[in-house]
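Dumping the structure here so I can ask a few things about it.
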Amino acid sequence: MVHAELLKLRTVASTWVALAVAAGGLLVTQVLNVTLLPALASGAVLGDEPALRDELGAIDTGSAAFQYAALNVFGTGGASGSIGIATIAVLALGVLAGTTDYRHGGIVGTALARPRRAGILAGKVAATAIAAAVLGVALAAIALVVLLASAVTGDGALALSPLDMASALGRGVVVVVLLALLGLAIGVLVRSQLAAFITVAALLLAEPILQGFVQLVTGGLPVWAQLLPVSLARAGLSDPAVDSGLAPAVALGVLAALTAAVLGAATVALRRRDL
């Protein structure tokens with residue numbers, strides 16, 4: 001069943017588009033953030049431009065905070081409320097895995113071949129997790145190469161140990177898998193591919209709006225407002241030594257629980273409704 005689901009993903013052009021957009025979006029974003037912006041701030045590219053220097057501020061490429069941001073596999077760094085191109089592409093990969101069968105009518109043949117519908121979703125989960133893990137490793141490799149290239153061409157200083165970098169990149173791969181599975185669950189629940197994409201887009205847009213409104217009203221961000229998918233993903237990729245809200249391990253655990261809950265709802269919906 002897993003092999004069949006992987007075959008479906010490989011033979012659909014939109015899957016490759018999502019993978020390419022994620023990798024290309026991260027590469028462009030990280031080259032800009034890790035290489036070009038520090039060069040502009042230091043005057044290495046356009047010379048000493050006071051207005052530009054004041055706008056960008058001082059960028060310490062040798063700091064641990066900068067390098068953790070450079071290893072963010074979504075290219076969002078520590079920017080609160082930021083949604084990277086790679087984030088959208090990863091969720092889209094999951095949506096495609098969950099809705100392609102419905103769009104092309106393949107879900108009926110799949111159900112005839114495997115009458116137990118929980119097994120159908122289990123196969124999709126496994127295939128999506130494998131594809132997302134491969135994508136996560138590719139994104140991690142891109143982030144690492146850009147950081148190392150920046151260190152070699154700059155002052156050559158790395159504030160993070162190999163263990164720190166491995167931890168940051170490993171957590172990035174885990175978050176990629178969890179977000180892809182969340183997209184899969186939404187796709188199975190909604191069934192319509194267009195409606196699923198609209199749902200994901202609405203959730204991505206609503207999260208920073210809701211948090212901004214809560215901060216405006218309360219003057220802070222309560223814990224419950226941090227328990228949203230993008231915020232949990234961001235916290236899971238943050239520097240463990242910096243107290244910025246939820247600890248990375250806690251954020252990853254909550255994101256995994258949230259993903260499992262939505263997958264559970266998708267399992268119940270798939271078993272109870274007509275195809």
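Being a predicted model, the structure only gives us computed values, none of them experimental.
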Can you find a pair of side-chain heavy atoms, one from L96 and one from V12, that are under 4.5 Å apart? no
Is L182 reachable from V254 through a run of hydrophobic residues whose side-chain heavy atoms are each under 4.5 Å from the next? yes
Check whether any side-chain N or O of T267 sits under 3.5 Å from a backbone N or O of L263 as a donor-acceptor pair, and report yes or no. yes
Side chains of T100 and T15 in contact at under 4.5 Å (non-hydrogen atoms): no
Which heavy atom in A251 sits nearest to a heavy atom in A235, and how many Å separate them? CB-CB, 3.6 Å
Flag the pair S14 / Q193 as yes when at least one side-chain heavy-atom distance between them is below 4.5 Å, and no otherwise. no
Which atom pair, heavy atoms only, marks the closest approach of T29 to G75? CG2-O, 3.2 Å
Evaluate the criterion side chain to side chain contact (heavy atoms under 4.5 Å, CB included) for residue pair V146 and N33; output intermediate values, then yes/no. CA-CA 10 Å; V146 172; N33 290 338; over 6 Å; no
Do V2 and L121 sit in one hydrophobic cluster, given that two such residues count as connected whenever their side-chain heavy atoms are within less than 4.5 Å of each other, even indirectly? no
Closest non-hydrogen contact found for A159 with A64 is CB-N, 3.7 Å
What distance do T259 atom OG1 and L184 atom CG have between them, rounded to the nearest 0.5 Å? 10.5 Å
Between V175 and V73, is any pair of side-chain heavy atoms under 4.5 Å apart? no
Working note: F74 + V176, criterion side chain to side chain contact (heavy atoms under 4.5 Å, CB included); need CA distance, chi angles, decisive distance, verdict. CA-CA 9 Å; F74 296 106; V176 169; 3.8 Å; yes
Are there over 12 heavy-atom neighbours, none belonging to I85, within less than 6.0 Å of that residue's CD1? no
Any side-chain heavy-atom pair from L71 and L160 closer than 4.5 angstrom? yes
Distance (rounded to the nearest 0.5 Å) between I186 CD1 and T99 OG1: 11.5 Å
Using a 3.5 Å distance criterion without hydrogens, assess whether the side chain of Q30 forms a donor-acceptor pair with backbone atoms of I142. no
Minimum heavy-atom separation for A143 to L26, with atom names? N-CD2, 4.4 Å
Tell me whether E5 contacts the main-chain N or O of A126 through its side chain, where contact means a donor paired with an acceptor under 3.5 Å. no
Are the side chains of V90 and L135 in touch, meaning some heavy atoms are under 4.5 Å apart? yes
Of all heavy-atom pairs linking P222 and V214, the shortest is CD-CG1, 3.4 Å
Mark yes or no for whether Q211, through its side chain, and L221, through its backbone, hold a donor-acceptor pair below 3.5 Å. no
Verdict with supporting geometry, L204 and L91, side chain to side chain contact (heavy atoms under 4.5 Å, CB included): CA-CA 10 Å; L204 290 176; L91 285 165; 3.7 Å; yes
Quick one: closest heavy-atom pair of L147 and A70, and the distance? CD1-CB, 3.9 Å
With a 4.5 Å cut-off on side-chain heavy atoms, are P229 and L203 touching? no
Distance-only polar pair, side chains of S167 and D164, donor-acceptor under 3.5 Å: no
For the side chain to side chain contact (heavy atoms under 4.5 Å, CB included) test, which of H3, R10, K8 pairs with L6? R10
Measure the shortest side-chain to side-chain distance between F66 and V34 over non-hydrogen atoms and say whether it is less than 4.5 angstrom. yes
